[in-house]
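Below is one structure, written out as structure tokens, with a few remarks after it.
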Amino acid sequence: MGIMMNIADLLLRPAAFFSGHLEGDKPDMKMPLAIVLLSGIVGAISAAYVSSVTMAMMPSEVSEMGTMLLGIGAVAAFIGALIFWVIIAAVFHGISALRGGKGDFQRTLAVAGYGSLPMVFGSIISSIIIYFSLSGATIRPVSDPMQISAAVTDLMSGPSMMMAGVISLVFVLWSANIWVFGMQQARGLSGKDALITVGIPVIIYCLITFLPYIG
Amino acid sequence: MKYQNLITVFCILLGICIIPAMAADSSTAIEGQLGVTNVAIDPGVFMYGDSGTVKVTVTNTGTTPVAIARAKLYSNELDVMGDENYGSVGSIGPGNSLEFTFTITADAADGIYYPLFYLDLRDASSLRYRVPVKVENTGLSVSVTDRPDAFTSGKKEDVTIMVGNPRENTVNGVVITPVTNGYETTETSHFIGTLTPDQAADATFSVTPYMETPMEFTVHYRNGMNDHEVTTSVPVTFGIDRKQAETVLNNIVITSEGDHYIITGDVTNAGLEDAKSVVVTTGSPATPVDPYRSYVVGALEPDDFASYEVTFSAEPGTTEIMLITSYKDKDGNLYSDQISVPLSSAAVPDKGSPGAGGDLPVVWIVVFVICAAVVAGVIYYSWKKK
């Protein structure tokens with residue numbers, strides 16, 4: 001019950017949540033780590049499914065290595081979630097330092113982990129959309145290796161796939177909202193500085209994610 | 001006086017003896033002034049059952065007319081008709097000729113026969129002459145000198161028939177007529193006319209077979225006034241002409257373009273004859289679509305090639321389609337060939353499901369609106385409860 005209350009506070013009232021979870025220079029990292037691991041698991045499942053679809057396009061001799069490649073994709077997605085956690089925390093830490101922020105990096109790391117929870121929801125919904133999109137598509141093996149890249153791009157650039165990406169970004173905004181409150185607590189920033197600290201990388205992230213669909 | 005009477009009686013007796021002798025000498029003279037000067041037989045050589053004429057010309061080379069009672073032609077082997085016309089001939093003047101024509105029918109085996117021409121003279125003498133008549137039953141020789149290696153149903157081909165005359169006499173009215181049975185011919189018959197001994201002539205027919213029944217050609221000809229015919233047949237077996245054009249498709253590349261596919265490649269004529277009006281298109285289950293429902297390559301000489309491009313659409317789940325090549329030969333016969341092409345070159349979104357292609361499903365828009373509203377509400381709430 002306590003955990004559920006904490007999660008509700010994290011999602012709905014982050015200002016109140018962080019005031020009770022960032023005591024000291026070394027805050028408790030179990031929950032942030034659990035959130036990031038959950039994010040990694042969801043990402044790994046989604047990556048494994050997309051990999052299996054991509055494998056169907058490969059020539060038969062490549063498809064025979066499907067299980068191994070599928071595993072590589074899942075592990076890469078899981079590790080990617082952990083790396084993303086550290087990188088986004090480092091970025092926040094760096095920008096906040098420029099805005100006069102003070103505090104240990106572990107506090108920033110905790111905020112970045114907590115704030116990743118809405119992104120997990122976004123990943124789940126996006127994965128559902130991707131699943132239904134690809135399960136209805138007719139996938140045929142691509143005989144020409146030169147065409148595999150083009151075929152995958154075609155497959156991933158459809159309207160449904162674009163919608164999955166847009167919904168993910170909506171949840172990124174939710175995470176950004178949590179990060180703003182978290183960075184205020186963790187680094188002693190003003191609301192404006194926290195907004196700048198979080199806003200710059202989030203906007204860049206949104207642009208990087210969305211530009212392929214525009215291009 | 002008595003002696004004179006004896007001399008008179010002696011003279012009478014002598015006269016009685018001399019007069020018959022004188023009479024005998026006159027008969028010999030008349031027979032000698034008649035001669036057979038010409039014999040004409042038509043046809044020159046009879047075939048079994050043929051009817052013809054034997055014309056004998058008798059000329060009086062003497063200075064006095066010769067009376068002729070009748071003329072006949074006798075034969076034990078040949079049937080002779082028309083000699084009753086010469087039951088009372090009359091006389092033939094000096095220097096004149098008379099023709100005696102008899103009709104004979106050769107109901108005899110091959111050989112040379114000698115009917116006897118007999119001219120009965122009124123002074124109890126006669127003229128006899130043997131007329132040689134040949135009977136030879138050999139007909140015209142018919143052979144096929146040119147035909148295709150193999151026939152193809154519905155394809156026009158040339159067949160050449162040669163007719164030779166191995167007989168000793170000339171035949172006329174030679175006509176070659178195809179007996180249409182299971183095939184068509186451009187020519188209804190071919191007239192050759194006269195064939196002298198050891199002469200040959202040929203005729204070419206354009207034939208289009210539709211079934212594997214032998215083609216028959218009948219040669220009609222006349223030996224004198226008698227009609228004869230001989231038939232030859234050409235066996236028809238359908239197969240593949242070793243020289244005919246053959247289209248081969250290479251370098252086939254399938255690319256997906258929106259809601260349809262594009263096939264590009266090369267078509268090569270691997271045969272020994274020209275392929276004309278070469279067209280490449282797609283067949284079931286593919287549906288040809290614009291802009292290249294079918295691609296007209298045009299004429300291809302042997303070992304020549306050209307590229308093509310055709311567009312088609314296919315239902316989702318289609319694994320292979322048919323690529324059809326058609327061409328015509330120089331006679332306009334249409335040939336078609338098709339190969340199966342797997343659709344393995346593209347990942348194609350299924351428009352009928354909420355897939356990666358096509359229109360954006362409404363359900364995803366609703367999901368997006370709900371998510372956006374929830375997130376906006378949460379953010380608003382979090383700032384309000386700050």
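Hydrogens, waters and symmetry mates play no part in the numbers below; they use all other heavy atoms, side chains included. In the text below, chain A, chain B and the rest are named by the order of the sequence lines, each starting its count at 1. On a predicted model such as this, the values are computed, not experimentally measured, just so you know.
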*Could you go through the side-chain contact (heavy atoms from CB on, under 4.5 Å) check for A/Asn177 and B/Trp383 one step at a time?*
CA-CA 9 Å; A/Asn177 183 61; B/Trp383 284 90; 2.6 Å; yes
*Determine whether B/Val375 and A/Pro118 make a side-chain contact, defined as any pair of heavy atoms from C-beta on separated by less than 4.5 Å.*
no
*Using non-hydrogen atoms and a 4.5 Å limit, figure out which bit of A/Leu11 sits close to chain B: side chain, backbone, both or neither.*
backbone
*How far apart are the closest heavy atoms of A/Ile167 and B/Cys371, and which atoms are they?*
CG2-SG, 4.0 Å
Tell me which donor-acceptor pairs under 3.5 Å the side chains of residues 193-203 of chain A have, and how far apart each pair is, sequence neighbours excluded?
{"from": "A/Asp193", "atom 1": "OD1", "to": "A/Arg99", "atom 2": "NE", "distance (Å)": "3.0"}
{"from": "A/Asp193", "atom 1": "OD1", "to": "A/Arg99", "atom 2": "NH2", "distance (Å)": "2.8"}
{"from": "A/Asp193", "atom 1": "OD2", "to": "A/Ser190", "atom 2": "OG", "distance (Å)": "3.2"}
{"from": "A/Thr197", "atom 1": "OG1", "to": "A/Asp193", "atom 2": "O", "distance (Å)": "2.7"}

*How many angstroms lie between atom CZ of B/Phe368 and atom CD1 of A/Ile125, to the nearest 0.5 angstrom?*
12.0 Å
*Spatial distance of atom CD1 (B/Ile379) from atom CG (A/Leu12) [nearest 0.5 Å]*: 11.5 Å
*Looking at CG of A/Asp9 and OG of B/Ser382, how far apart are the two atoms once the value is rounded to the nearest 0.5 Å?*
12.0 Å
*In terms of heavy-atom contacts, does CZ of A/Phe84 have more than 12 from other residues, nucleotides or ligands at under 6.0 Å?*
yes
*asked:* Please check if the number of heavy atoms outside B/Phe238 that lie under 6.0 Å from its CZ is greater than 12.
replied: yes
*asked:* Does B/Glu301, at its CD atom, have more than 12 non-hydrogen atoms belonging to other residues, nucleotides or ligands within less than 6.0 Å?
replied: no
*Can you run down the side-chain hydrogen bond (donor to acceptor under 3.5 Å, both in side chains) pairs that involve residues 285-297 of chain B, sequence neighbours left out, and say none if there aren't any?*
B/Asp290-B/Arg293
